[in-house]
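Order of appearance sets the numbers: ligands from 1, and atoms from 1 within every ligand.
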Amino acid sequence: MLERYTTTFLEGFGGYGRYLLDDIIHPSWHSYFYGLILVSVAVYGLELAFPWRKRQPRIRKDFWLDGFYMFFNFFLFSLVGYNSMSNVAVEAFADLRAALGIESLVVVNVAALPVAAQLGVMFVFRDFIQYWVHRLLHRVPRLWAFHKVHHSVTQMGFAAHLRSPWMETVVYRVLEYIPLAMIGFGIQEFFTIYMIAIVIGHINHANFRPPIGPLRYILNSPQMHIWHHAKTLPVRYGANYGLSLSVWDWIFGTVHWPHSGRDIPLGFAQVDQYPDHFLPQMVVPFREDLG
Ligand SMILES: [Zn+2]
Ligand SMILES: [Zn+2]
């Protein structure tokens with residue numbers, strides 16, 4: 001069994017490398033590489049054309065750092081090991097299930113629904129799980145040490161969306177895995193849902209103010225998410241945790257949106273002493289004194 005896991009682990013590197021190369025060489029409508037570039041250029045275009053904070057530089061503080069985070073979290077992290085690790089984890093989990101005699105995890109099979117309804121259910125369900133994972137990231141000191149990297153943004157722009165350390169990606173994927181498997185979430189649907197979430201996440205961090213109106217009770221927005229990044233909040237563990245949807249915050253009473261947050265200070269106490277380069281930001285969560 002160990003040998004099989006080792007093979008899966010090693011094959012995961014080459015497998016992902018070949019996949020990424022193919023994705024770059026042969027552009028398609030399911031390309032994560034070109035998808036990310038297209039979405040980023042479009043949202044950056046909105047920032048340039050309709051800036052919310054007009055005095056914020058077009059190339060804001062940490063623009064390039066966050067650009068690197070985007071490509072790291074999307075591709076490089078998978079290339080340097082995440083793909084291999086997750087393949088082994090999925091295989092080990094399937095073995096465990098077989099050993100326990102559980103044939104399938106699927107409790108409610110959404111695959112029986114029409115495609116549009118499937119995508120809708122999966123999108124909302126995944127966002128609901130992510131809302132709770134995000135709350136956990138703020139509540140558990142060890143997880144907060146990781147998530148602090150995302151909150152070290154002091155000048156907001158679209159690419160800040162994907163500033164997060166690799167451990168945070170692992171926490172989300174691990175905690176999402178079983179609930180999504182329970183509704184028969186297939187990999188082929190993942191692209192669409194993932195990309196919609198990326199578009200919304202980019203916009204939520206953009207220096208842009210969409211005319212959201214009453215939709216604010218359903219959708220998250222830059223106006224609302226900026227308060228999630230506020231340097232000081234009257235509540236201890238944060239507010240406005242929703243990722244794509246704001247509805248969970250309204251339902252569970254975690255909204256904090258007192259006035260326009262356009263120019264509020266961002267980050268956390270002592271954010272000015274936090275490292276502002278990629279490698280130190282990868283190391284610091286492990287060293288942080290959780291006192
Ligand atoms: Zn957060
Ligand atoms: Zn954020």
Side-chain angles (χ1 to χ4, degrees), residues 39-40 43-44 47 52-53 56 60-63 65-70 72-74 127-173 175-176 194 196-210 212 216 219-246 248-249 252-257 261-262 264-271 274 276 281 284-285 288:
V39 170
S40 301
V43 178
Y44 188 42
E47 284 193 1
W52 185 20
R53 290 169 294 278
Q56 180 168 307
R60 67 172 171 89
K61 181 176 181 290
D62 296 339
F63 180 91
L65 172 70
D66 290 339
F68 178 74
Y69 265 109
M70 289 204 316
F72 182 85
N73 283 331
F74 248 69
D127 196 69
F128 173 69
I129 297 163
Q130 291 186 331
Y131 165 84
W132 288 102
V133 175
H134 192 187
R135 283 188 74 164
L136 207 64
L137 291 172
H138 279 259
R139 189 69 182 73
V140 179
R142 169 51 62 203
L143 298 180
W144 168 241
F146 292 119
H147 188 52
K148 247 174 134 173
V149 175
H150 181 64
H151 284 263
S152 67
V153 175
T154 51
Q155 210 168 57
M156 194 58 77
F158 76 94
H161 175 207
L162 294 174
R163 183 193 296 192
S164 55
W166 62 272
M167 267 308 292
E168 192 179 312
T169 314
V170 173
V171 171
Y172 271 109
R173 296 299 163 264
L175 295 179
E176 270 173 18
Y194 194 74
I196 294 172
I198 291 295
V199 173
I200 300 176
H202 266 39
I203 292 175
N204 288 339
H205 291 85
N207 180 19
F208 166 64
R209 189 177 171 279
I212 185 147
R216 70 179 182 276
L219 280 176
N220 196 359
S221 59
Q223 298 93 303
M224 183 177 188
H225 192 66
I226 198 123
W227 283 102
H228 179 69
H229 283 265
K231 188 168 178 175
T232 45
L233 279 174
V235 276
R236 186 165 175 205
Y237 295 107
N240 305 359
Y241 302 99
L243 276 84
S244 295
L245 304 178
S246 64
W248 317 122
D249 285 298
F252 298 108
T254 49
V255 174
H256 180 71
W257 195 347
R262 190 186 69 183
I264 55 170
L266 307 178
F268 43 80
Q270 279 121 34
V271 69
Y274 203 75
D276 51 5
Q281 286 183 352
V284 89
E288 195 132 348

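The Zn ion (ligand 1) lies at the vertex of an angle of 90° between the NE2 atom of His134 and the NE2 atom of His147 (rounded to 10°). Rounded to the nearest 10 degrees, the angle NE2 (His225) to the Zn ion (ligand 2) to NE2 (His205) equals 90°.
Cation-pi check for Lys148 over Tyr274 is not met; the charged atom does not lie both under 6.0 angstrom from the ring centroid and within 45 degrees of its normal.
Taking backbone and side chain together, His228 holds no N, O or S atom under 2.8 Å from the Zn ion (ligand 2). At least one N, O or S atom of His150 sits under 2.8 Å from the Zn ion (ligand 2). At least one N, O or S atom of His229, from either the backbone or the side chain, sits less than 2.8 Å from the Zn ion (ligand 2).
Taking a 6.0 Å sphere around CZ of Arg135, one finds it holds more than 12 heavy atoms contributed by other residues, nucleotides or ligands.
Contact of the Leu233 side chain with the His256 side chain is registered, since non-hydrogen atoms from C-beta on lie closer than 4.5 Å.
Screening His228, His229, His225, His202 against His161 for a ring-ring contact (aromatic ring centres under 6.0 Å, His included) leaves a single residue, His202.
A donor and an acceptor atom, one from each side chain of Ser164 and Tyr172, are nowhere located under 3.5 Å apart.
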